[in-house]
Amino acid sequence: MNTNKLPILNFVKSFFPVQLFIGHLKYNLLAILYWLILLLIVTDNIGKAYGVPLLFFSPEYLGEVNNWSFLFIGFSVGGFIMGFNTYSYIKLGPYYPFLVVVTKPFLKFCLNNFIIPLIFNVIYIYNLTYFQLNEEHATGIQVFVYVLSYIGGISIFLLLSLLYFFPTNKNPFSLIKNSVNEGNLSSKPINSVLHNKEKWYDVFQQHDEKSYIYIGTKFKLFKSRTVQHLDEELIEKVFAKNRVNTSVFELITIISFFILGGFRDYDFFNMPAAMSFILLLTIILMLFSALLSWFHRWTYPMMICCFLGMNYLSVNTSFFNYKNYAYGLNYSPNKRQEYSIEKIEESINSENTDQKSFHSYIKILNKWKANTGENKPKLVLINTSGGGSRSALWTLTVLQKTDEQLNGQLFKHTQLITGASGGMVGAAYFREILLRYKKGEINNIYSGIYRQNIAKDMLNKLFFTASTNDMFFRYQKIKINGFTYPKDRGYSFEQQLHENTNNFLNHSLGYYKYYEKNAMIPVMIFNPTIINDGRRLLISSQPLTFITESGGGPKNMSRSYENIDYLNFFQDNNPYDIRFSTVVRIQATFPFILPMVTLPTKPEMQLMDSGIRDNYGGKSMMEFLHVMQDWIKENTSGVIIVQVRDTKKVLNDEVYHQVSLADKLSLPFDNMYRNFTRTQDFDQEELMKIGLNNLKFPVNLISFNLRENKRDRISLSWHLTKDEKQKIEKAYMSIQNQAALKELNRLLHE
C-alpha cells in the first residue's frame with residue numbers, strides 16, 4: 001500500500017504548481033493578501049452591510065445587469081491575474097532557476113501559477129450563480145450566459161497579454177550549444193524602466209538544485225532541466241530580458257489605466273463598480289512591484305518618507321492638496337473667511353441678524369398656515385434617516401405613497417424637512433417633483449418612474465472616477481458660475497444624480513428661496529458635520545441664525561456654539577449660488593466613498609456626512625420647536641413628527657450572544673462602528689423626552705421603518721440590486737407601517 005502512495009506523494013512534491021502555491025505562502029504574502037481581500041468579499045465576509053459583495057454578484061452596466069457587466073468584471077479579473085503573475089514572477093522567479101532554460105519562461109510561469117486564481121474563480125462563480133438564482137431570480141440559461149461572459153472577459157485580457165508576451169519572451173539560449181535549440185539573445189542585459197537590476201541567482205546558488213514537473217507546451221507535463229552548467233552572466237541576461245518584458249507590460253497597463261480616466265463622462269465607460277475596484281487593486285499591485293524591485297527592504301521606509309513629504313507639501317504648498325469644492329461658491333483668496341472661535345461667536349451673537357432671520361421665518365409660517373386653509377392646522381415635520389440609496393428610495397416611497405393615500409394632506413401640512421444622507425436625497429427629489437407639479441410642469445407626482453429613477457446605480461461612475469482619476473492626477477476641469485473646479489468623484493456623483501433624475505435637482509440653492517418663502521414647498525435644513533471641530537453647518541435657502549442662537553439656559557452658562565448658519569457665515573462668498581446637488585452631496589459624504597468638501601475659510605473648513613452627528617435630523621427639529629414654540633402654540637393644533645427610518649429602533653428578531661475572547665479584543669472598536677447609530681437613537685430619545693414634555697402643545701410621533709427584522713438584508717450603499725428594490729417596495733405594506741399610516745390619517749383629521 002505504501003509503495004503505491006509514494007510515487008503520488010513524490011509527484012505532488014515535485015509538481016511545480018503546488019510548489020508555486022507553497023512559495024506564495026512563504027515569500028509572497030502581499031500578493032496573497034490582495035487575493036484574500038477579493039475572496040472574503042465574494043464569500044460575503046467583508047463589506048456585507050455596505051453591499052460590496054453584491055457589486056460582484058449583480059453588477060450593473062448602463063443601468064442593467066447583463067452579459068456586458070459580467071464580461072467587464074471578467075476582463076478586470078484577467079488584468080488582476082496578469083498583475084499577480086508579473087509581480088509574482090519578479091518576486092518568486094529567483095527561487096526556481098530552471099525557468100531560465102525553458103522556452104517562453106514567463107508564459108510557462110503563468111501557466112503553472114494557476115492554483116490561487118482557480119480557487120478564487122471557482123468560489124466566485126459558485127456564489128454569483130447561487131445569488132442570481134435565489135436572490136435575483138434569474139433563469140438557469142441567463143446565469144449560464146453570465147458565467148460564460150465572465151470567463152470570456154478573463155480570456156480576452158489573457159489573450160491580449162499573450163499577444164504581447166509571445167513575441168517578446170522567446171528563449172535567448174542560442175549562445176549555449178546542446179542546451180536549447182530555439183531563441184536568441186545577443187544583446188547585453190537591459191535594466192527595466194520600473195525594476196532595478198538584481199542578482200537573483202544568488203538566492204538559489206546556496207541550495208541544492210531541485211527537480212520539478214511543470215505544465216508546458218500543449219499542457220503536457222515536463223521535467224525541469226538542470227542549470228548548474230550555465231554561466232552566471234548568461235542567467236542574468238535571461239532574467240534581465242524577461243524583467244524588461246514584464247515591466248513594459250506593467251507600464252503599458254498603468255498608462256492605459258490613466259488614459260481611461262479621461263473618458264469617464266462617456267456612458268460606454270460607465271463601468272461596473274466592482275471592475276473599478278479590481279482595476280485599482282491591480283494598479284496598486286503593479287506599482288508596489290516596481291517600488292519593491294527598486295528599493296528592496298527600503299521600500300516601506302521610503303514609502304513612509306514619501307507620505308510625510310507629501311503631507312508637508314500639501315500643507316505648505318499647492319502640491320498634493322487634493323480638495324473637493326462646493327460648486328458655485330466663490331473661492332477667491334480675498335473672500336476666504338477666518339475660521340476661529342471669535343468669528344463663530346460673531347456670526348452667532350449678532351442680535352440684528354438673529355431677529356431678522358426669526359421674523360423672516362415667522363412670515364413663512366404664516367403663509368404656510370394660510371395655504372392650509374385651516375384655523376389651527378396640524379404642523380407636520382419630517383425626519384428622514386441616512387442610509388445611501390436604500391434610504392433615498394425608502395424616503396421617496398414613503399412620502400409618495402403616504403401623500404397619495406392621504407389625498408395630498410401630508411405635504412399640505414408639512415412645513416419642515418430635516419435628516420441626513422440618502423434620506424434627504426429622496427426627500428429633496430420628492431420636494432422638487434411637488435414643486436414642478438404646482439408649477440404645472442408635470443401631471444402625476446405619484447408615478448413609479450420617480451422611484452425607478454432614484455433607485456438607479458450611483459456607484460459605477462463614482463468608483464471609476466475614484467480609481468482612474470482621484471487617486472493619482474486630477475487633470476480635468478469644469479467651469480460653473482464663472483469659477484473653475486477640478487473634476488473628481490464628487491463631481492461624478494452629482495452628474496450621475498442629475499442624469500438619474502432627469503436634471504430635476506440641477507438648480508442653485510437660491511432657486512428654492514422664493515418657493516420656500518411663499519410656502520409652496522417645505523423648508524429643508526441640511527446639517528453636515530464640520531470635521532475640524534465637530535460642529536454642524538446648517539445649510540438652507542432661508543437664514544437660520546435664530547436656530548444657532550437658541551442656546552437657552554442660564555446667562556452665565558458657557559457655550560460651545562455648536563451650530564453655524566451657512567448663509568450668514570459665508571455671506572461674502574455668493575452662498576446662494578452653490579449648486580443644490582452639492583448641498584445634497586455634502587450632507588451625504590460617507591467616509592472615503594465621497595470626498596470631504598472644502599469650504600473657503602482660513603484654515604479650510606472640511607465637511608462630511610450629517611449622520612456623523614445627527615442621522616435622523618432630530619437635533620435641528622428640536623431646536624426649531626424650541627424657538628418657534630410660542631407661534632406653534634398660538635397657531636396650530638399640535639405637531640406631528642413623521643420619522644422615515646431605514647432601520648427600526650429595536651429589530652424584531654434581535655438577539656445577543658455570549659462575548660468570546662476574540663470579541664473582547666475587537667469589541668472596543670466594534671462598539672464605535674456597530675453602535676454608532678444606536679447611541680444616536682438613545683441620545684435623541686432622551687432629548688425628545690425632555691424637550692417635548694416642556695412644550696406647551698401636543699406632539700405626536702409616527703415612524704415608518706424599512707428594516708424591521710435583523711435578517712432583512714438591504715445594503716447601505718449607492719447601489720441596489722433588483723431584489724433589494726423589491727424589498728423596499730414591499731416594506732411599505734408591512735403591518736406596522738400600515739398601522740402608522742392609519743394613525744397619521746387619524747391625527748391629521750382630529
Side-chain angles (χ1 to χ4, degrees), residues 337-371 376-377 379 381 415-418 509-510 512-528 530 535-578 583 599 601 614 617-636 639 687 691-692 694-697 699:
Q337 309 297 320
E338 177 189 351
Y339 188 65
S340 63
I341 295 298
E342 292 74 23
K343 176 64 177 178
I344 295 172
E345 290 180 353
E346 179 185 336
S347 68
I348 291 176
N349 291 332
S350 173
E351 184 176 347
N352 182 52
T353 304
D354 172 44
Q355 291 300 311
K356 185 177 179 180
S357 67
F358 175 79
H359 291 298
S360 175
Y361 208 98
I362 290 293
K363 291 179 181 179
I364 296 175
L365 289 173
N366 287 330
K367 288 189 177 181
W368 165 83
K369 178 184 175 182
N371 289 347
K376 281 200 169 187
L379 174 62
L381 309 178
Q415 200 285 314
L416 179 67
I417 302 174
T418 63
L509 177 67
Y512 294 103
K513 180 180 179 181
Y514 169 82
Y515 302 110
E516 288 183 357
K517 285 181 73 70
N518 287 276
M520 293 178 64
I521 53 175
V523 173
M524 294 190 75
I525 298 179
F526 301 88
N527 53 354
I530 302 173
R535 289 181 168 83
R536 301 191 307 155
L537 186 68
L538 304 186
I539 305 177
S540 174
S541 62
Q542 306 301 321
L544 299 175
T545 313
F546 67 92
I547 291 182
T548 63
E549 201 277 330
S550 62
K555 292 183 178 180
N556 61 347
M557 182 180 72
S558 61
R559 295 188 55 196
S560 58
Y561 303 104
E562 175 187 7
N563 302 312
I564 299 173
D565 177 25
Y566 161 79
L567 290 179
N568 184 34
F569 196 88
F570 293 98
Q571 56 186 299
D572 296 330
N573 300 87
N574 306 342
Y576 284 109
D577 291 343
I578 187 174
V583 175
L599 292 190
T601 60
D614 184 3
K619 287 176 63 65
S620 298
M621 180 202 65
M622 288 302 300
E623 287 160 344
F624 171 82
L625 290 176
H626 171 71
V627 176
M628 294 298 177
Q629 59 180 315
D630 291 336
W631 186 94
I632 295 172
K633 177 186 176 183
E634 183 68 26
N635 293 276
T636 74
V639 171
L687 174 66
L692 297 181
N694 290 326
L695 297 176
K696 302 174 182 178
F697 46 82
V699 179

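Here the side chains of N694 and Q629 are not in contact, with every heavy-atom distance at 4.5 Å or above. When side chains are defined from C-beta on, I547 does not count as touching Y361, because their heavy atoms never get closer than 4.5 Å. Residues I362 and M628 have side chains in contact (heavy-atom distance under 4.5 Å, counting atoms from C-beta outward). Annotation: side chain of K343 is in contact with side chain of F569 (closest heavy-atom distance under 4.5 Å). By the 4.5 Å heavy-atom criterion applied to side chains, Y566 and L544 are not counted as neighbours. Within the 4.5 Å cutoff, side-chain heavy atoms of P528 are placed close to those of I539. The shortest side-chain heavy-atom distance between T636 and W631 falls under the 4.5 Å cut-off. Looking at heavy atoms from C-beta onward, L416 lies out of side-chain contact with W368 at the 4.5 angstrom threshold.
Donor-acceptor pairing under 3.5 Å is lacking for the side chains of D565 and T548.
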### Task
For Y512 and V523, run side chain to side chain contact (heavy atoms under 4.5 Å, CB included): C-alpha distance rounded to whole Å, both residues' side-chain angles, the deciding distance at 0.1 Å, then the answer.
CA-CA 9 Å; Y512 294 103; V523 173; over 6 Å; no
**Message:** The test is side chain to side chain contact (heavy atoms under 4.5 Å, CB included); show your working for F358 and T545 and say whether it passes.
**Reply:** CA-CA 8 Å; F358 175 79; T545 313; over 6 Å; no
Fill in: Working for side chain to side chain contact (heavy atoms under 4.5 Å, CB included), residues N527 and T418
CA-CA 8 Å; N527 53 354; T418 63; over 6 Å; no
Are K517 and K363 close enough, and set up right, to give a side chain to side chain contact (heavy atoms under 4.5 Å, CB included), and what steps lead you there? CA-CA 8 Å; K517 285 181 73 70; K363 291 179 181 179; 6.0 Å; no
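Looking at D630, its side chain never comes within 3.5 Å of a backbone N or O of E634 through a donor-acceptor pair. Side chain of S540 to main chain of M524: a donor-acceptor pair is present (N/O by atom type, distance under 3.5 Å, no hydrogens or angles). A distance-only check finds a donor-acceptor pair linking the side chain of S357 to the backbone of F546 [under 3.5 Å]. A donor-acceptor pair is defined here as one N or O able to donate and one able to accept, closer than 3.5 Å; such a pair exists between the side chain of Q542 and the backbone of K513.
Distance check: E562 CD to I530 CD1 gives 10.0 Å after rounding to the nearest 0.5 Å. Rounding to the nearest 0.5 Å places CG of L509 at 6.5 Å from CG of L567.
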